[in-house]
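Below: the structure, in structure tokens.
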Amino acid sequence: MFTLTRNEFESINPDYRGVWQKECTELPKWPQIREQYVGKRTILRQGALLIEDMHFSIMT
């Protein structure tokens, strides 16, 4: 896991950063894992989707 400042996150091109908004109700355990994804910030880096609190954290 790596750490970014808020400014570093905001400086990433908007095409490569965002916030998870999609509901994945087709996944059987979605209700149990939903909070790990929805509303979390994301970064696309080297072809991989990185998710806040799983792969990186943002210092305030």
Open item on the list: Hydrophobic cluster membership, with links at side-chain heavy-atom distances under 4.5 Å among I/L/V/M/F/W/Y: are Leu50 and Met59 in one?
Closed with: no
Open item on the list: Do Met54 and Tyr37 make a side-chain contact, defined as non-hydrogen atoms from C-beta onward lying under 4.5 Å apart?
Closed with: yes
TODO: Heavy atoms only: give me the nearest Ile51-Gln36 pair and the separation to one decimal.
DONE: CG2-O, 4.0 Å
Open item on the list: Check this for me: Glu26, atom CD, are more than 12 non-hydrogen atoms of other residues, nucleotides or ligands nearer than 6.0 Å?
Closed with: yes
Open item on the list: Between Leu4 and Val19, is there shared hydrophobic-cluster membership here, with clusters defined by ILVMFWY side-chain heavy atoms closer than 4.5 Å?
Closed with: no
- [ ] Supply the atom-to-atom distance Arg17 CZ to Thr42 OG1, rounded to the nearest 0.5 angstrom.
- [x] 10.0 Å
- [ ] Could you tell me the separation between the CD1 atom of Ile12 and the CG atom of Asp15, rounded to the nearest 0.5 Å?
- [x] 12.0 Å
Task: Within-4.5 Å side-chain heavy-atom neighbours: Phe9 and Ile43 - done: yes
Open item on the list: Are more than 12 heavy atoms, taken from residues, nucleotides or ligands other than Phe2, located less than 6.0 Å from that residue's CZ atom?
Closed with: yes
TODO: Over 60° means perpendicular and under 30° means parallel, so classify the ring planes of Trp30 and Trp20, tilted if in between.
DONE: parallel
Open item on the list: Per the salt bridge (Lys or Arg N to Asp or Glu O under 4.0 Å) rule, what does the pair list look like for residues 37-51, sequence neighbours excluded?
Closed with: Lys40-Asp53, Arg41-Glu52
- [ ] Answer yes or no: does atom CD of Gln32 have more than 12 heavy-atom neighbours from other residues, nucleotides or ligands under 6.0 Å?
- [x] yes
Task: Under 3.5 Å: donor-acceptor pair, side chain of Arg34, backbone of Glu23 - done: no
